[in-house]
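What follows is a single structure, written as structure tokens, with notes after it.
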Amino acid sequence: MKRKIIIDCDPGVDDALAILLALNHPEIEVEALCSVTGNGLIEHTTANALKILKLCGREDIPVYRGCNESLSQEVPETVDAFGDDGLGGYAHLVETTQQPEQEHAVDFLVRYAREHSGEFTLFIIGPCTNIAQALRKDPEFVHHVKEVLIMGGTKGFGNASPVAEYNFWADAQAAQEVLAAGFKKVTMIGLNVTHPIALEADIREMLRIFATDLSTFIYKITQVGVDEAWQSAGRLVAPMHDVLTVAYFIDPTLLEVIPAHIDVVTEGIAEGESVVDLYGKYHQGQCNAHYAATVDVARFNELFLTTVFPEFKDEIIQYIKENK
Ligand code: BDR
Ligand code: CA
């Protein structure tokens with residue numbers, strides 16, 4: 001039986017890649033996409049979610065438009081690393097007539113969770129606002145979700161501040177409420193493991209050579225990430241952060257995860273910082289999450305590429321074996 005998932009996202013190049021991976025895996029059933037402001041304002045992230053479905057011929061999957069404002073009722077500063085349109089300047093390549101559903105994402109989440117209690121995994125790959133609002137709206141929501149996988153947080157370095165990762169920083173209160181809510185199982189897949197899986201230039205070049213509609217699209221939308229990484233850090237890579245949540249769902253052996261008590265700083269100079277207490281050492285051994293500590297990059301690459309491009313499986317495996 002297929003495993004049901006809901007992806008709460010802010011597409012976003014790396015969100016797009018995460019969705020593509022999920023849509024291309026035979027054992028995953030994407031039940032819905034929910035949008036939130038992050039890599040762009042809500043109208044852009046919602047439109048991009050619809051475009052990704054169109055690209056994959058999956059306009060049967062509903063998209064629910066979510067929150068534009070964080071819990072503090074401010075519109076978070078959006079990310080410009082993925083271009084003005086969130087898809088590296090290539091959002092215009094895909095046109096769709098599919099419209100978002102009338103129901104708000106938060107209402108959908110609450111309703112869906114009641115109707116499918118214990119049956120689905122929730123991916124949070126944008127700011128946590130929609131999920132925090134669902135928790136506030138329905139105290140039972142927390143009990144209906146089988147598992148939560150979050151791309152957010154970090155340990156050691158940030159990308160929105162010296163200590164904070166963007167998704168947690170954009171709505172720190174929401175991130176804290178999600179972590180403190182008491183979900184059955186939560187895994188924080190943060191920058192410390194998503195930074196190393198950035199798409200390397202040679203693998204990106206492989207996508208150009210494959211020359212399918214999908215590989216060409218990925219090649220194009222990741223260009224802006226490479227340009228930014230080159231200018232800021234002298235690296236020839238494109239960010240892929242969110243993809244790791246779906247890859248981990250497919251193959252949990254890709255990550256080493258450690259039980260931890262995780263809090264998010266909600267104000268002050270460290271706002272958005274995830275404070276990771278491994279094994280709950282400072283919380284009498286109480287843990288509220290799992291912390292992803294290390295990642296197997298070569299095996300991630302193989303899983304991502306062979307799932308999205310099964311027709312090139314042999315070439316991909318051979319290349320990774322000889323070069324990574
Ligand atoms: C996270 O922030 C967003 O820009 C990305 O899509 C990812 O979810 C990385 O910090
Ligand atoms: Ca995202």
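All values below were derived from every heavy atom in this structure, side-chain atoms included, with hydrogens, water molecules and symmetry-related copies excluded. Counting starts at 1 for both ligands and their atoms, following the listed order.
- A salt bridge links Arg208 to Glu205: at least one charged side-chain nitrogen sits closer than 4.0 Å to a carboxylate oxygen.
- Protein nitrogen, oxygen and sulfur atoms, that is N, O or S, within less than 3.0 Å of the Ca ion (ligand 2) amount to 5.
- Taking the six-membered ring where the residue is Trp, the centroids of Phe157 and His195 are separated by under 6.0 Å.
- Residues Phe168 and Cys128 form a side-chain contact, since some pair of their non-hydrogen atoms from C-beta on lies under 4.5 Å apart.
- Side-chain contact between Ile61 and Leu23 is present, with heavy atoms from C-beta onward closer than 4.5 Å.
- Applying the side chain to side chain donor-acceptor pair (under 3.5 Å) rule to Gln318 yields the partners Glu322; only residues at least two apart in sequence or on another chain are considered.
- None of Arg114, His143, His144 except one satisfies the side-chain hydrogen bond (donor to acceptor under 3.5 Å, both in side chains) rule with Asp138; the exception is Arg114.
- Salt-bridge annotation for Asp202 and Arg204: absent, with no side-chain N of the basic residue lying under 4.0 Å from a carboxylate O of the acidic one.
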Extract all N/O-N/O pairs under 3.5 Å that connect ligand 1 to the protein, and present each with both atom names and the distance rounded to 0.1 Å.
from: ligand 1; atom 1: 2 (O); to: Asn167; atom 2: OD1; distance (Å): 3.4
from: ligand 1; atom 1: 4 (O); to: Asn39; atom 2: OD1; distance (Å): 2.7
from: ligand 1; atom 1: 6 (O); to: Asp14; atom 2: OD1; distance (Å): 2.5
from: ligand 1; atom 1: 6 (O); to: Asp14; atom 2: OD2; distance (Å): 3.1
from: ligand 1; atom 1: 6 (O); to: Asp15; atom 2: OD1; distance (Å): 3.0
from: ligand 1; atom 1: 6 (O); to: Asn39; atom 2: ND2; distance (Å): 2.9
from: ligand 1; atom 1: 6 (O); to: Asp242; atom 2: OD2; distance (Å): 3.2
from: ligand 1; atom 1: 8 (O); to: Ile125; atom 2: O; distance (Å): 3.0
from: ligand 1; atom 1: 8 (O); to: Asn167; atom 2: ND2; distance (Å): 2.9
from: ligand 1; atom 1: 8 (O); to: Asp242; atom 2: OD1; distance (Å): 2.6
from: ligand 1; atom 1: 8 (O); to: Asp242; atom 2: OD2; distance (Å): 3.1
from: ligand 1; atom 1: 10 (O); to: Asn159; atom 2: ND2; distance (Å): 2.8
from: ligand 1; atom 1: 10 (O); to: Glu165; atom 2: OE2; distance (Å): 2.5

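- Residues passing the side chain to side chain donor-acceptor pair (under 3.5 Å) test with Glu103 are Arg111, sequence neighbours excluded.
- For Lys4 and Glu29, the salt-bridge test fails: no basic side-chain N is under 4.0 Å from an acidic carboxylate O.
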